[in-house]
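The analysis underlying the following values was restricted to heavy atoms, covering all of them including side chains, and did not include hydrogens, waters or symmetry mates. Along the sequence shown, residues are numbered consecutively beginning with 1. Here the structure is a predicted model, which is why all the values come from computation and not from measurement.
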Amino acid sequence: QVQLVESGGGLVQSGGSLTLSCAASGFTLDHYTIDWFRQAPGKEREGILCINGRDDKTLYADSVKGRFTISRDNAKNMVHLHMNSLKPEDTAVYYCATDLRLRGVCTLGRTDYVRFWGQGTQVTVSS
């Protein structure tokens, strides 16, 4: 049974840093594309980062470029989202997701390609 579980959310001051984790079970994620999405209140879900399953190339949304990075921890079957220089507008529920295509490429932001979602973790950035 495929499952994704996010952790690491919380309250942080503007300019601070936070690392979110996405733990996978039911599959070995090192050759699968993993996306991070976020959804702020009243807004659509936004794809912000993707690491592909083919060669670990990444795609970033303009809103997080230069501030957020993504990494894999294959030993723990996890993916991490490292967030720096956080802004109040980064406040949202953050989700990891996968299309579960072996060695697939990134399709940043395409919620219709996602087959499995995590439950989400809240990130709140205070000004």
Inset, instruction - Could you pull out all residues at least two apart from Tyr32 that satisfy ring pair (Phe, Tyr, Trp, His ring centres under 6.0 Å)? - result: Phe27
Inset, instruction - For the pair Arg103 (side chain) and His31 (backbone), establish whether a donor and an acceptor sit closer than 3.5 Å, ignoring hydrogens and angles. - result: no
Legend entry - Cluster companions of Leu11 among Ile, Leu, Val, Met, Phe, Trp, Tyr (side-chain spacing under 4.5 Å): none
Legend entry - Residue pair Thr91 / Val125: nearest heavy atoms and the distance that separates them: OG1-N, 2.9 Å
Legend entry - Fellow cluster residues of Leu108, listed by chain then number, with links counted only when side-chain atoms sit under 4.5 Å apart: Leu59
Legend entry - Least distance between heavy atoms, Glu46 atom then Ala61 atom: OE2-CB, 4.5 Å
Inset, instruction - Of all the heavy-atom pairs spanning Thr33 and Asn52, show the shortest one and how long it is. - result: OG1-CA, 3.6 Å
Inset, instruction - Considering only NZ, NE, NH1 and NH2 on the basic side and carboxylate oxygens on the acidic side, decide whether Asp62 and Lys65 come within less than 4.0 Å. - result: yes
Legend entry - Hydrophobic cluster of Trp117, others only, ordered by chain and residue number, side-chain cut-off 4.5 Å: Phe37, Val93, Tyr95, Val114
Legend entry - Value rounded to 0.5 Å, distance of CD1 in Ile70 from CG in Asp56: 9.0 Å
Inset, instruction - Compare every heavy atom of Gln119 with every heavy atom of Leu4, then report the nearest pair and how far apart it is. - result: O-OE1, 3.7 Å
Inset, instruction - Report yes or no: do Asn74 and Asn77 form a side-chain donor-acceptor pair below 3.5 Å? - result: no
Inset, instruction - Answer with yes or no whether the hydrophobic clustering places Leu100 together with Met78; edges join I, L, V, M, F, W, Y residues whose side-chain heavy atoms lie under 4.5 Å apart. - result: no
List, one per line, each side-chain donor-acceptor pair under 3.5 Å for residues 17-26, sequence neighbours excluded.
| unit_1 | atom_1 | unit_2 | atom_2 | d |
| --- | --- | --- | --- | --- |
| Ser17 | OG | Asn84 | OD1 | 2.9 |
| Thr19 | OG1 | His82 | ND1 | 3.3 |
| Ser21 | OG | His80 | ND1 | 2.9 |

Inset, instruction - For Arg115 and Asp99, work out which heavy atoms get closest and say how close. - result: CD-O, 3.2 Å
Inset, instruction - Examine Trp36 and Leu86 and state if one hydrophobic cluster contains both, with Ile, Leu, Val, Met, Phe, Trp and Tyr joined whenever side-chain heavy atoms are less than 4.5 Å apart. - result: yes
Legend entry - Remaining members of the apolar cluster that contains Tyr113, side-chain heavy atoms under 4.5 Å: none
